[in-house]
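In what follows, a structure is listed as structure tokens, so that the remarks can point back to it.
Sequence lines set the chain letters: A, B, ... in the order given, protein chains first and strands last, and positions in each chain run from 1. Note: hydrogens, waters and symmetry copies are ignored here, and every other heavy atom, side chains too, is used.
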Amino acid sequence: MAALVLNEEQQMLKDAAKRFLSESAPVSQLRALRDNRDETGFSRELWQSMVEMGFVGTLIPEALGGAQFGYVGMGQVSEQAGRNLSASPLISTAIGGVAALLLAGSSEQQQALLPQVAEGSLLLALAIDEAPRHAPNRVATRLQVADGGYLLNGRKTFVVDGHVADKLIVSARSEGAEADQAGISLLLVDRNAPGVNVERIIMADSRNAAIVSFDNVKVASGDLLGEAGNAWAALELTLDVVNAQLAGELLGLSLEVFERTVAYLQERKQFGVTLSTFQALQHRCAHLFSELELVKSAVLKAQMALDAGDAEAAQWVSLAKAKACEVAELATNEAVQMHGGMGMTDEFDIGLFMKRARSVQTLFGDYRYHANRFAALRGY
Amino acid sequence: MADLDVFRQQTRAWLEENCPQSMRTPQRADNDACWGGRKFTFASEDQKLWLERMAARGWTAPDWPTEYGGGGLSQQEHKVLREEMARINARPPLSSFGVWMIGPAILKVGSEELKRQHLPPIVRGEIRWCQGYSEPGAGSDLAGLQTRAEDHGDHFIVNGQKIWTSYADKADWMFCLVRTNPDAKKQLGISLVLFDMTTPGVSTRPIKLISGSSPFCETFLDNVRVEKSQVVGEINAGWTIAKYLLTHEREMIGGMGRTAAGQKTLPQIAVDAVGLEDGKLADGMLRGELATWDLDAAAFALTAERVLDEAKAGQGVGAASAMLKYYGTELNKRRQELMVALHGSDGLLWEGEASREGAIARNWLRSKGNSIEGGTTEVQLNVIARNILGLQ
Ligand SMILES: Cc1cc2nc3c(=O)[nH]c(=O)nc-3n(C[C@H](O)[C@H](O)[C@H](O)COP(=O)(O)OP(=O)(O)OC[C@H]3O[C@@H](n4cnc5c(N)ncnc54)[C@H](O)[C@@H]3O)c2cc1C
Ligand SMILES: Cc1cc2nc3c(=O)[nH]c(=O)nc-3n(C[C@H](O)[C@H](O)[C@H](O)COP(=O)(O)OP(=O)(O)OC[C@H]3O[C@@H](n4cnc5c(N)ncnc54)[C@H](O)[C@@H]3O)c2cc1C
């Protein structure tokens, strides 16, 4: 078994991401985007710099313009994005979109699209869920055969970056009943295609999502990713890739919020002493520290298992996402509480971390979803 | 073929040939363990044979130097040996405070004489050790210990009382913390000494636990003569050594909640006891609690692995042992609570033929001590808060 440590290249990538994102995409940037009611919801200039840093192409093969650093490599970028609450289409495009193309797309599709992603000229978004609670098998959106191609009808929610994506990657049902895993297809749809309606929604974390509806949208057969009705396995693996990175983002966010809280306790005085002298707070911090150590291990294992093509990767991913959700919730709640009244203010960043955490927790399955999946995968 | 692969093949073949079949079944009760020592009666011929064969290769202490009877294995070879033993569900040939605790301390700071005297009998399982740290007035505040060692030139005369000494009545030797300088700051006047439990003035009295067994004792020390050659490391430097030893102990106790090779996992036990409905455990609330535990246990096992990997790579947090001890013992207590709960009234059987020696209930009660022995949960949290987080 491979050692649960970063190799030298991965460590270098982590250091580079740390330096870059803390300078170029700090929390204050998210705050400014929110306060200015920015239309895009992220800085396109930042995205271009992330392209130049090679972050956007982390998962893309070298031959197609990427850096091919793997899931552990991308995990280092995700973690730092979590620490800085960096707003960018990393999850929607560089992770989710790229994974779907790599896992379900043909080599022609990959060759046509991945170089565009790597150079920053193409944004993608995953349009998977149809109800507020994650259930990727519940697909009512229908894909019907119609004169040499297909017609798409239905409605998707919580499509992260759906309002800016050039192309949407949509799950739709070719056959079967609403909750069947069999019969699901994946396809590419231009956001501007006739019949596509995109409604931008702003979430509590000040990041973007969209409700997307499809009304008799024409889809060419060349825009199907894989075979019609046969995309479940690729979809599941795509979601595993994304969840392993979301877990990494949650880890970074939790570590940051924890470190800020510890620093606050060392500064703030009450009763003539710093808050850090109170054992009631010390023990809660020590517990949280231990939980964070568990999350670090679970996240690294999940990303390594995906890199290695481990047959049990799904289990490791659900472990990582579940633990990361649980501990992010604890870390952000404790942070607000231990900051006292200050934690409740908009001026302090702590609340921004809490809001982002809940959003990432909810996206593609929360603690309960992944604990349930973990148990099912382990036969109980 | 790489050297390590050759080693793996040879080890596999040797184990296949030398590990008796009956030693390839899970260790169920405490008395399935082989503790060795002068007073020990082997549970079976196989148990004795298994110890002798492993000891002859030094594999009861695989990473100790061969000159003291150890196996001389590198960390990687040791890992291979563990994996190959796990592969056939081989039981540990020896459970030993000598191998786990005092041996590493003697190796690290002991004199050449002490190494030659004590290490080989530990490897062979001939001498069983007990740990004399805690006293009635010094538990969490261990540095406050009062047992006095008076200097008599070439030897000390020791007076005092120890308590909670695990297996003191079954042990042959004790490693013991004593105060050699009553005038120094409390941490600076302590020494670690070794003596034979048959030395005049040493007596023990067993204490019965809530689990019904009596694994530990009060130990009375009444004018006990201890040679100065039996001091481990420098005189008055015992506290540093004791802390080093505690690190070992904490990592070991922290590992107790893990499922050993060949044993059923907790969810598998639950499926057997409760049954499945549509592929899911029939009791939905229990299933949820079990999944929560299972997630924590899996992430904890990965963390123990990562800490080892980081240590090998020269990275990692120093005080990791406090975190492993804290989390591991709390996890094991949760496991034992779930074991009782999922077995319903069977989980509380105590005596009689149907009870299987009351193993479920007794293990549950014994686990409560995990977060007390080797430094309590609260003490571990203090260590993390102060030493790692700088909260003080
Ligand atoms: C929504 C809201 C409305 C409010 N309305 C009013 C109002 O109308 N009028 C008014 O006067 N005030 C009001 N307050 C202020 C409120 O009473 C204080 O925020 C509260 O008393 C805590 O004080 P603090 O914010 O300074 O936190 P701190 O005292 O700095 O506490 C920070 C953290 O340290 C912990 N802590 C502090 N001391 C100890 C200790 N000895 N042992 C263990 N832990 C400790 C606290 O529990 C907390 O988790 C309001 C606050 C909020 C959030
Ligand atoms: C099964 C078992 C086996 C043992 N085997 C051995 C052995 O072989 N050799 C040996 O020497 N000892 C042994 N011990 C003793 C063990 O090390 C002590 O019991 C332990 O150190 C706690 O000391 P105490 O019992 O005096 O509890 P106390 O120190 O009196 O603690 C009582 C409670 O107060 C809490 N507390 C104490 N100080 C603090 C603080 N500063 N902050 C917050 N909370 C605090 C504790 O956490 C605990 O919950 C064993 C104990 C058990 C249960």
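- The number of heavy-atom neighbours closer than 6.0 Å to CZ of A/R260, taken from other residues, nucleotides and ligands shown, is above 12.
- Listed by chain and number, the residues in a salt bridge (Lys or Arg N to Asp or Glu O under 4.0 Å) with A/R368 are A/D366 (sequence neighbours excluded).
- For A/L265, the part lying under 4.5 angstrom from a heavy atom of chain B is the side chain only.
- From B/L295, atom CG reaches atom OG of A/S318 across 8.5 Å, with rounding to the nearest 0.5 Å.
- With hydrogens and angles ignored, the 3.5 Å screen pairs no side-chain donor or acceptor of A/E293 with any backbone N or O of B/M323.
- Remark: B/N382 CG to A/Q282 CD distance equals 6.5 Å, nearest 0.5 Å.
- Looking at A/F278, there are no atoms closer than 4.5 Å to chain B (heavy atoms on both sides), in backbone or side chain.
- Between chain B and the residues A/L300, A/V295, A/T277, A/V273, the most heavy-atom pairs under 4.5 angstrom are made by A/T277.
- Summarising the local packing, CD of B/Q75 is surrounded by 12 or fewer heavy atoms from other residues, nucleotides or ligands at distances under 6.0 Å.
- Separating the CG atom in B/L391 from the CZ atom in A/R284 is a distance of 12.0 Å, to the nearest 0.5 Å.
- How far CG of A/L281 is from CG of B/L389: 12.0 Å, rounded to the nearest 0.5 Å.
- Pairing each heavy atom of A/A371 with each of B/A291, the nearest pair is O-CB, 4.1 Å.
- Judged by distance alone, the side chain of B/D309 and the main-chain N or O of A/V5 form no donor-acceptor pair under 3.5 Å.
- The two residues A/S297 and B/T303 come nearest to each other via the heavy atoms OG-OG1, 2.7 Å.
- Listed in order of number, the residues of residues 372-380 of chain A that approach chain B to under 4.5 Å between heavy atoms are A/N372, A/F374, A/A375, A/A376, A/R378, A/G379, A/Y380.
- The environment of B/K280 atom NZ is sparse: at most 12 non-hydrogen atoms of other residues, nucleotides or ligands sit within 6.0 angstrom.
- Take A/V336 and apply the side-chain contact (heavy atoms from CB on, under 4.5 Å) test, not counting sequence neighbours, and it matches A/M344, A/I350, A/M354.
- Looking at every heavy atom in both residues, A/L4 comes nearest to B/R306 through O-CG, 3.3 Å.
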Query raised in the report: So B/D296 and A/K323, side chain to side chain contact (heavy atoms under 4.5 Å, CB included) or not? Walk me through it.
Result: CA-CA 8 Å; B/D296 290 344; A/K323 275 308 289 182; 2.6 Å; yes

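- Neither the backbone nor the side chain of B/Q268 comes within contact range of chain A; no heavy atom of the residue lies under 4.5 Å from a heavy atom of that chain.
- Contacts of B/L290 with chain A are made by both backbone and side-chain atoms, with heavy-atom separations under 4.5 Å.
- Looking at B/T292, both its backbone and its side chain come within 4.5 Å of chain A, counting heavy atoms on both sides.
- Contacts of B/L276 with chain A are made by side-chain atoms alone, with heavy-atom separations under 4.5 Å and no backbone atom involved.
- The CD atom of A/Q279 sits 12.5 Å away from atom CD of B/Q392, with the distance rounded to the nearest 0.5 Å.
- Counting heavy-atom pairs under 4.5 Å between each of A/E326, A/E291, A/Q315 and chain B puts A/E291 at the top.
- Sorted by first and then second residue, the salt bridge (charged side-chain N to carboxylate O under 4.0 Å, His left out) pairs involving residues 73-83 of chain A (not counting sequence neighbours) are A/K14-A/E79, A/R83-A/E256, A/R83-A/E259.
- Ring-plane geometry between B/Y327 and A/H287 is classed as parallel, the angle between the planes falling under 30 degrees on a 0 to 90 degree scale with a further cut at 60.
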